Participant: 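Below is the structure I would like to discuss, written out as structure tokens.
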Amino acid sequence: MPDPFDFADAPPPPPPQEQPARLPDLDALNEGQRQAVEAIDGPVLVLAGAGTGKTRVLTTRLAQILATGKAKPWQVLAVTFTNKAAREMRERVAALLGCPVERWWVGTFHAVGARILRAHAESVGLKPNFTILDSDDQLRLIKQLLKAHNIDAKKTPPRAVQGIIQRWKDRGLTPDRISDAEGADAADGHAAALYGEYQERLKALNAADFGDLLLHCLTVFRNDPEVLGKYQNQFRYILVDEYQDTNVGQYLWLRALAQAHHNICCVGDDDQSIYSWRGAEVGNILRFEQDFPGARVVRLECNYRSTPHILAAASGLIARNESRLGKTLWTHMNEGEKVAVRGVWDGQEEARVVCEEVEVLHTKGHSLNDMAVLVRAGFQTREFEERLIILAIPYKVIGGARFYERQEIRDAIAYLRVVVQPDDDIAFERIVNVPKRGLGPASLRNLHVLARAEGQSLVAAAEKLVETDELKPRARRTLGGLLDQFRHWRSLLAAMPHPDVTRTILDESGYTAMWRNDKTPEAEGRLENLKELVRALADFESLGDFLEHISLVMDNDEAVTDDKISLMTLHGAKGLEFETVFLPGWEEGLFPHQRALDEGGPAALEEERRLAYVGLTRARRRAFVFHAANRQVYGYWQSVLPSRFITELPDENVERGAPLGLHGARAGRGGGVSERTATVFAGSAWQSHARRSAPLIDTRSYQVTPGHGADQAFATGQRIFHQKFGYGRVVAVNGDKLDIQFDKAGTKKVIQSFVEAV
DNA sequence: TCCCTCCTTGTTTTT
DNA sequence: CAAGGAGGGA
């Protein structure tokens with residue numbers, strides 16, 4: 001597999017072979033699409049409604065720019081949000097041109113950001129080989145920081161801190177730009193300080209998190225106009241997919257890069273903006289014309305996907321939103337069926353009815369690949385899975401635990417990371433006691449203390465520590481053995497293909513054996529996954545390449561060869577389409593979700609409505625909406641009301657079907673039901689916001705430096721004190737290691753920073 | 001150091 | 001209800 005992030009170092013010597021690119025055929029496009037393709041110069045916003053051929057416009061436009069010679073491939077920057085989208089873009093443009101395109105900048109925001117950052121890492125205090133941390137690593141780091149400050153993880157949940165920091169990064173805010181007011185009310189007022197320290201730690205670890213990949217770019221651009229100028233001039237044409245999902249940081253990044261040529265083309269649909277909760281700013285797309293003066297706006301409103309009823313139902317629904325640019329989708333298609341709305345008794349019946357319909361369609365010859373169940377929340381898939389298993393209908397759950405997020409894969413990768421980059425403390429900590437080797441928190445604390453005092457990485461500290469008597473003999477031997485293994489594996493890298501090295505590492509470390517001895521039912525699958533990992537490794541040039549790839553590419557596309565119905569969340573369904581779509585769980589509290597209602601106000605309700613719009617517009621020919629009268633939430637049975645979105649669907653496009661199993665539900669609508677619903681939702685989870693004032697924590701009580709000897713010089717004969725061994729006298733000095741004759745403990749080798757002069 | 005029990009907490013998720 | 005984390009006891 002070619003490395004999808006194989007960007008050229010910019011700008012390279014022109015490729016020797018001028019490629020025989022063919023001009024894309026514009027006659028196949030409709031009027032709007034052609035306008036969007038031909039408006040090459042200047043800022044352009046393409047408002048592409050669902051199913052209006054957005055990708056086609058984007059790819060044809062790219063092909064056009066390249067084929068007419070308006071720009072060389074490396075002068076074109078095309079950014080997407082997912083690797084899948086980037087891959088698709090590459091493939092389709094290559095197909096249009098009839099030849100592969102080399103050295104162009106097509107990738108996700110993060111991949112492109114990483115590429116730029118590696119070239120200028122020094123100016124933000126990183127080395128070019130910095131590690132990219134994922135959210136799991138981040139969390140680990142934040143927990144450490146909380147602990148170091150004696151901050152109660154119950155009052156200040158690490159997850160919350162992580163979220164706050166991430167949101168700040170989304171907005172392009174470095175720690176020095178957090179206003180006092182803002183810092184004060186986040187996470188008991190700790191967040192601002194923690195953010196600063198978190199960044200310091202990352203720098204010390206030579207690591208960047210996902211947010212940093214863009215945030216550091218912004219800093220580089222800000223501090224170094226020459227570098228910025230280089231990229232501004234290089235990128236003659238910039239294309240952005242899914243612009244409605246960009247956050248402030250991404251917007252600033254794009255605006256900075258587009259300053260020289262102003263040829264930026266953003267494609268998006270404000271009605272499909274469903275990621276505000278992770279920092280996306282619909283405002284970016286709503287404001288485009290002000291941000292880029294002289295911008296041309298092209299609307300794509302001819303829908304090639306859905307039947308008129310489906311389209312009208314979706315349009316009628318989304319028309320209730322206030323903050324939108326507004327589009328009127330239309331279609332040439334024949335009428336088709338109305339959107340079917342069905343009430344059922346409970347979740348089980350819902351699953352039963354849906355699966356019956358699936359079976360009926362399947363026996364009529366419809367492929368399962370053409371059907372999908374789209375749910376609001378992940379837990380909803382369970383009932384469908386159970387039912388599908390009973391009926392022996394093949395299914396796939398999309399967006400479950402991803403391959404690279406599985407425990408065993410992350411462990412294996414941590415081993416590789418330590419071998420490739422010994423300073424990777426996060427990875428080291430993850431595997432130092434996996435499998436269990438008796439190097440628990442106590443030994444680790446020792447390492448930490450030393451590493452902090454000496455400003456070194458854990459592995460470096462460990463190398464030093466095993467030379468001394470600081471550790472108990474057993475721990476010392478184990479740690480020494482582990483370090484020897486690291487060295488050994490590192491030396492293998494030069495001599496052996498990296499998949500073999502990996503297998504060796506997994507075997508020799510005892511990691512494989514650990515799972516082989518594990519009697520739980522998952523163990524076998526985990527071993528399978530490890531094999532799969534080794535197999536996947538063969539596709540990469542080197543371990544380094546592989547690690548870069550997986551830190552950025554967390555996707556796992558399954559083979560789509562066999563016929564299976566898809567189960568996924570509405571979020572996961574964006575960008576996909578199916579002949580038949582089932583939309584269960586349209587109930588107040590679940591969809592729109594109670595949490596959105598409680599926390600996000602009217603804006604959040606509009607986002608939920610957009611989510612409903614996305615769901616409906618995934619359907620080509622058939623859409624079924626379901627609502628149950630009773631649903632089990634957190635183990636309790638609740639009576640629930642049909643979603644307001646059901647009421648908002650235009651009557652003429654909806655067939656409100658035989659009222660199945662509404663015996664209790666609708667009848668009780670007048671009073672008791674809604675009251676009970678209200679009580680249940682009011683009572684449960686949404687008090688997480690209640691903030692109690694915490695006593696101020698005395699951070700001085702935590703001491704990082706063990707002794708005071710770190711920067712002291714010791715001379716032979718000097719009296720000293722050591723935390724563990726007590727008083728003694730220096731008998732020899734070897735650099736920062738001392739031989740001490742202890743009064744009680746005999747002669748020991750210890751590290752200077754562990755003793756203090758008395 | 002490890003294991004067990006108790007308690008809390010429950011969307012959506014890419015990179 | 002169910003999972004994950006924290007804290008306590010062996």
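Letters A, B, ... are given to chains in the order of the sequence lines, protein chains preceding strands, and every chain is numbered from 1. As the structure is a computational prediction, the values presented were derived from the model and not from experiment.
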Participant: What's the CD-P distance between Q162(A) and dG5(C), to the nearest Å?
Facilitator: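 Rounding to the nearest Å, CD of Q162(A) and P of dG5(C) are 13 Å apart.
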Participant: Got a sec, which residues hit salt bridge (Lys or Arg N to Asp or Glu O under 4.0 Å) with E281(A), two or more places apart in sequence or on another chain?
Facilitator: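 Residues passing salt bridge (Lys or Arg N to Asp or Glu O under 4.0 Å) with E281(A): none at all.
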Participant: Salt bridge (Lys or Arg N to Asp or Glu O under 4.0 Å) with D271(A): which residues, sequence neighbours excluded?
Facilitator: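 Here the qualifying residues are R324(A), K327(A).
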Participant: Under a 4.0 Å N-O cut-off, is there an ion pair linking D411(A) with R430(A)?
Facilitator: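 Salt bridge: yes.
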Participant: Using the salt bridge (charged side-chain N to carboxylate O under 4.0 Å, His left out) rule, collect all pairs that involve residues 609-618 of chain A, keeping only residues at least two apart or in two chains.
Facilitator: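 For residues 609-618 of chain A, and leaving out neighbouring residues, the salt bridge (charged side-chain N to carboxylate O under 4.0 Å, His left out) pairs sorted by first residue read E607(A)-R610(A), R609(A)-E648(A).
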Participant: Would you please name every residue forming a salt bridge (Lys or Arg N to Asp or Glu O under 4.0 Å) with R140(A), sequence neighbours left out?
Facilitator: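 Listed in chain order: D136(A).
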Participant: Within the 4.0 Å heavy-atom criterion, would you say G113(A) contacts the bases, only the backbone, or no part of the nucleic acid?
Facilitator: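 Nothing: the residue G113(A), judged by heavy atoms under 4.0 Å, touches no strand.
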Participant: Does the side chain of T569(A) get closer than 4.0 angstrom to OP1 or OP2 of dT11(B) through an N or O atom?
Facilitator: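 It does not, given that no N or O in the side chain of T569(A) lies less than 4.0 Å from OP1 or OP2 of dT11(B).
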Participant: Grab the CZ-P distance between F379(A) and dA2(C) for me, whole Å please.
Facilitator: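 Value for this atom pair: 13 Å.
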Participant: Stacking between F210(A) and dT14(B), defined as ring centres under 5.5 angstrom apart with planes under 30°, is that present or not?
Facilitator: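 Aromatic stack with dT14(B) absent for F210(A).
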Participant: Counting only distance, no hydrogens or angles, is the base of dT11(B) paired donor-acceptor with the side chain of R376(A) under 3.5 Å?
Facilitator: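 By the distance-only test, yes, there is a pair.
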Participant: Please list, chain by chain and in numerical order, all residues satisfying salt bridge (Lys or Arg N to Asp or Glu O under 4.0 Å) with E577(A), sequence neighbours excluded.
Facilitator: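 R305(A), R620(A).
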Participant: For nucleotides 1-7 of chain B, list the nitrogen or oxygen atoms of the protein found under 3.5 Å from its nitrogen or oxygen atoms, one pair per line.
Facilitator:
| residue | atom | partner | partner atom | Å |
| --- | --- | --- | --- | --- |
| dT1(B) | OP1 | G440(A) | N | 2.8 |

Participant: Tell me whether H571(A) and dT12(B) count as stacked here, given that the ring centres must be under 5.5 Å apart and the planes must differ by less than 30 degrees.
Facilitator: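 Ring-base stacking flag not set for H571(A) and dT12(B).
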